[in-house]
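These notes are about the structure you will find just below.
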Amino acid sequence: MEDTRSVKLLQDKLLEWYGRHRRQMPWRAEEGQSPDPYHAWLSEIMLQQTTVTAVKPYFEKFVKRWPNVRDLAQADQDDVMHMWAGLGYYARARNLHKCAKVVVNEYDGHFPDDHAKLLALPGVGPYTAAAISSIAFNQDYTAVDGNVERVVARFYAVKKPLSDVKKDIKEKAEHLGRGNPSPCDFTQAFMELGATICTPKSPKCVLCPWQTECEGRKKGIAESLPVKKAKSAKPKRDGQIYWVTNDKGQVLVRKRPAEGLLGGMIEFPSKGWDGRDQDIDHDDFQRIGLVKEKVRHVFTHFELSLEIVKYRFSGDLPDSAYQWYKLEKLEDLALPSVMKKVWKMAVS
DNA sequence: CACGCGTGGGC
DNA sequence: TGCCCAAGCGT
C-alpha cells in the first residue's frame, strides 16, 4: 500500500475537494462553527440505510420539537414513533429514545467523547460511533459506510465480493484516513465523495480528486465495483386487513408488539401476513364489503398484498391493545407507510 | 454470522 | 416495471 507521504497527499486532495464542494446539510456545522453532538448523533441514526433526501424533513421536525437530548429523553415513546413514522426501520426510533435516556441518566445530558462509550449506546454501532467521534469530537476515526466501501473497493480495484472482504475494506479505509489533519471534515468528505462522485452507477471519475491514483479507474473497471452477490428472490405474502368503523365516525386500530416488524407502531387489525397470531374475533362484526384493489407494499424481505375487508361494529373492544380512533385524527397516530396506504385505499 | 428490519426515489 | 438501492444495527 501507499507510504505515509502518498496517503497524506490523498488526504489533502480529498479535504481540498471537500472544502470546495461540501454540501449544506441541516445537521452539518458551517465552516468554523463547532458541531452539536446531538445533531450529529440524531442525523447519523436517521441516515442509517436512508437517503439524505428522506432524512432532511425528519431531522428538521425532530430538532424543532426536541431541541436537545433532554427534551427527547422526556418525550413520550408514542410521540417519538409518530414523528418517525414513514422513515422506516422503526427499531432505530425505539433505540433513539432509549439512547437519549441513557445519555441524560448516565452522562448528564452530554454525549460522551469516548469512542467505546459511544459504541455501547443503544442503536450506535461501529459506523455511527466512528461518525460521532470524528464529526462531533474531531477524533481520529474513519467512519466506514456503504459509500466509503464503494470508494475503497474501486480505489484498490478489489474484485472479490464485498461481503467476503468487508473487514479488509474497512482496514484499507482506515489506512487512508489515519492521521488526517481534520477528522471531522475527512469522515464527511469520504462519504460525500461516494455519494456525489464515486456513485454506484456512472461515477464521475473526471471530477474525482483521486482520479490519478485510483486503481479501478486505471484498469477501467471502477463502475463494475464493488462486486455484490446475487440476492435471493423476495417471497410474496398475502393477508387480510380490517377497516372497522362504528357509528361515531371512528375506526378500529391497535398497537403492534414492541419488538419486531413495525414494532411499537399502530396498525389496523390484520391477519395472515406477519407470522403473528393476532387475528381479532370478528364474529360480531357486520361485513360491509371488500375493497376491490389490494394494497401492495414491499418490505426489505418480502412483498405484501393486503385485502381490505370493511366491517361495521359498535360493541366492546377485545382488549387494551385496541382502540377506536376518530377518522379525521388518524394523522396523529404512529402509522407506518403501509398502514397509510391502507387508510387511503379504504376511504377512496 | 446470517438474517430481520422500511421506505421512496432513480433508472 | 422491476430492480437497486441509502451515512447499519441488533440478535
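Note on naming: letters A, B, ... go to the chains in the order of the sequence lines (proteins, then strands), and numbering restarts at 1 for each one.
- Counting only distance, with no hydrogens or angles, the side chain of A:Arg154 and the backbone of A:Ile221 share no donor-acceptor pair below 3.5 Å.
- With respect to the salt-bridge test (charged N to carboxylate O, under 4.0 angstrom), the residues A:Lys201 and A:Glu223 do not qualify.
- With rounding to the nearest 0.5 Å, the separation of OG in A:Ser314 from CG in A:Asp284 is 11.0 Å.
- A:Gly263 comes within contact range of no nucleotide atom at all, as no heavy-atom separation falls under 4.0 Å.
- In this structure, A:Arg256 reaches neither bases nor backbone, as no heavy-atom distance under 4.0 Å exists between it and the strands shown.
- The distance from atom CG of A:Leu96 to atom P of C:dG10 is 12 Å, rounded to the nearest whole Å.
- Atom pair A:Glu149:CD and C:dA6:C1' shows a separation of 12 Å (rounding to whole Å applied).
- Mapping A:Lys231 and A:Pro122 onto DNA chain C by nearest heavy atom places A:Lys231 closer to the 5' end of the strand.
- To the nearest 0.5 angstrom, A:Arg237 atom CZ is 13.0 Å from A:Ser305 atom OG.
- Side chain of A:Lys341 to main chain of A:Arg296: a donor-acceptor pair is present (N/O by atom type, distance under 3.5 Å, no hydrogens or angles).
- With sequence neighbours excluded, the residues satisfying side chain to side chain donor-acceptor pair (under 3.5 Å) with A:Asp71 are A:Asn68.
- You can see that DNA chain B meets the heavy atoms of chain A within a 4.0 Å-exclusive cut from B:dG4 to B:dG8, reading 5' to 3'.
- Between A:His282 and A:Phe285, the ring planes lie tilted relative to each other; the angle falls in the 30° to 60° range.
- Between C:dA6 and B:dC5, the two P atoms lie 23 Å apart (nearest whole Å).
- Donor-acceptor pairing under 3.5 Å is recorded for the side chains of A:Gln188 and A:Arg28.
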- State the dot-bracket string of DNA chain B. Criteria: Watson-Crick or G-U wobble, both atom distances under 3.5 angstrom; notation: ( ) intrastrand, [ ] crossing earlier pairs, | interstrand, . unpaired. .||||.|||||
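- Interatomic distance, A:Leu304 CG to A:Lys294 NZ, rounded to the nearest 0.5 Å: 10.5 Å.
- Annotation: of the two residues near DNA chain B, A:Gly88 and A:Lys201, the 5′-most nearest-nucleotide partner is A:Gly88.
- Donor-acceptor pairing under 3.5 Å is recorded for the side chains of A:Arg312 and A:Thr245.
- Linking Ile, Leu, Val, Met, Phe, Trp and Tyr whenever their side-chain heavy atoms come within less than 4.5 Å leaves A:Val298 and A:Met265 in two separate clusters.
- Relative ring orientation between A:Phe59 and A:His39 is described as perpendicular, the plane-to-plane angle rising above 60° on a 0-90° scale split at 30° and 60°.
- Summarising the geometry, atom NE2 belonging to A:His97 is positioned 9.0 Å from atom CD belonging to A:Gln74; distances are rounded to the nearest 0.5 Å.
- Comparing the P positions of C:dT11 and B:dG6 gives an interatomic distance of 14 Å, to the nearest angstrom.
- Contact check, A:Arg150 against C:dA6: a side-chain N or O comes under 4.0 Å of OP1 or OP2.
- Under the 30°/60° scheme for interplanar angles, the aromatic rings of A:Tyr311 and A:Tyr242 are found to stand perpendicular.
- The CD atom of A:Glu303 sits 14 Å away from the P atom of C:dT1 (whole-angstrom rounding).
- Nucleotides B:dC1 and C:dG10 are separated by 12 Å at their C1' atoms, to the nearest Å.
- A:Asp145 places its CG atom 13 Å from the C1' atom of C:dC5, with the value rounded to the nearest Å.
- Remark: A:Gln49, A:Thr50 in residues 44-61 of chain A come within less than 4.0 Å of DNA chain B through at least one heavy atom.
- Listed in residue order, the members of residues 329-348 of chain A having a heavy atom less than 4.0 Å from DNA chain B are A:Pro336, A:Ser337, A:Val338.
- Cluster annotation: A:Leu42 is connected to A:Leu118 through the hydrophobic network of ILVMFWY side chains, with a link wherever side-chain heavy atoms come within less than 4.5 Å.
- A heavy-atom distance below 4.0 Å to DNA chain C is reached by these residues of residues 171-199 of chain A, ordered by number: A:Met191.
- Nearer the 5' end of DNA chain C, as judged by each residue's closest nucleotide, is the contact made by A:Arg28, out of A:Val124 and A:Arg28.
- The distance between atom NZ of A:Lys228 and atom P of C:dC4, rounded to the nearest whole Å, is 10 Å.
- Whole-Å rounding puts the A:Tyr89 OH to C:dC9 P distance at 12 Å.
- Note on A:Ser43: nothing from the nucleic acid sits closer than 4.0 angstrom, heavy atoms only.
- Salt-bridge formation is not detected for the pair A:Glu331/A:Lys326: no Lys NZ or Arg NE/NH1/NH2 atom is positioned less than 4.0 Å from an Asp or Glu carboxylate oxygen.
- Taking atom CH2 of A:Trp84 as the reference point, atom C1' of C:dC9 lies 12 Å away to the nearest angstrom.
- Rounding to the nearest 0.5 Å gives a distance of 8.5 Å between OG1 of A:Thr142 and CG of A:Leu176.
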